[in-house]
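Just so you know, ligand 1 is whichever comes first in the structure, and atom 1 is the first atom listed for that ligand.
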Amino acid sequence: MSDLAKFGKGDAVRGGIPICFPQFGPRGPLAQHGFCRRSDDWKITKEEVLPNGDVRTVLTLTDSEETRKSAWPHKFVLDYEVVLGAGTLTTGLIFKNAGEEDVQFTCALHSYFPVGDVDETTVQGLKGVEYEDSTAGGKVCMEEGEAVTFKGEVDRVYGPAPQVLKVVDGKLGRAIRIAKDPTFPDAVVWNPWADKCRALADMPDEAFRRFVCVEVGAVRTPVTVPAGGTWTARQVLTCERA
Ligand code: TA6
């Protein structure tokens, strides 16, 4: 969480796991990353302890007069599920198409992962995966390395990417393991570096040194859900000694 994160009505919170839905980034007619991450209409609809002792909370967002007037006017129910287990955090989206026609969306869980020092951090598991380089106008490239390193701004949409990725933190001696469902085929890797970070009002100038974003999602190819259909995608986060 950024020390300068804003929590006002309609603010996009700089940190945690923002929900980019029904549009990732500028890939469509809506505002950057869609309306869900800014919505104040999320309701807690379930809180339970599962038989294995894990704690599960579900927050739900449905279409509203405001969303129905947007450039994505569909009837929907979106559940955001959070399960806190013994050493695991699972977060996922369950989308229900409540309308009469197919709907399409792009989406991601825009996870901000704290690291000891970005200079000693790598993202592993992407060797041989194609990516769109957003710092080079979306140029399509191939990841040649075992580890993605950070020597400047990195903003890449990888996909289709393997189900398990790791943020390996050399400074803190740990690795954050990200296991994603196949329904999240893609992974975005982002660090704004110094100039972009300085331009973010809700982030201290040096904060880029202490986080990387690895965002599981469906970005390169939109998801299509038929009328009455459901779509589910989750990530399981664990932390292990590196
Ligand atoms: O992380 C991918 C990305 O699309 C980057 O291009 C950058 O814009 C980032 O999201 C943050 O977006 P935001 O609208 O939260 O400033």
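- Neither the backbone nor the side chain of Lys196 comes within 4.0 Å of ligand 1, counting heavy atoms alone.
- A salt bridge links Lys9 with Asp40; the closest basic N to acidic carboxylate O contact falls under 4.0 Å.
- Atom 8 (O) of ligand 1 has Gln32 NE2, 3.2 Å as its closest protein atom, hydrogens excluded (heavy atom only).
- One side chain, Thr91 or Gln235, offers a donor N or O that lies under 3.5 Å from an acceptor on the other.
- Donor-acceptor pairing under 3.5 Å is recorded for the side chains of Thr122 and Gln124.
- An N or O contact shorter than 3.5 Å is missing between Tyr112 and ligand 1 by distance.
- Checking only distances, His33 does come within under 3.5 Å of ligand 1, N or O to N or O.
- Shown are Leu126, Val167, Val148, Leu237; of these, the side chain to side chain contact (heavy atoms under 4.5 Å, CB included) with Val214 is made only by Val167.
- Salt bridge status for Asp202 with Arg14: present, with a side-chain N to carboxylate O gap under 4.0 Å.
- Those atoms of ligand 1 with a heavy atom of Asp155 less than 4.0 angstrom away are 2 (C), 5 (C), 6 (O).
- Of the protein's heavy atoms, His110 NE2, 3.5 Å lies nearest to atom 9 (C) of ligand 1.
- Shortest non-hydrogen contact noted between Cys107 and Phe21 is CB-CD1, 3.6 Å.
- Ligand-side atoms of ligand 1 in range of Glu215: 1 (O), 2 (C), range being under 4.0 angstrom from any heavy atom.
- Summary of contacts: the protein heavy atom closest to atom 15 (O) of ligand 1 is Arg37 NH1, 2.8 Å.
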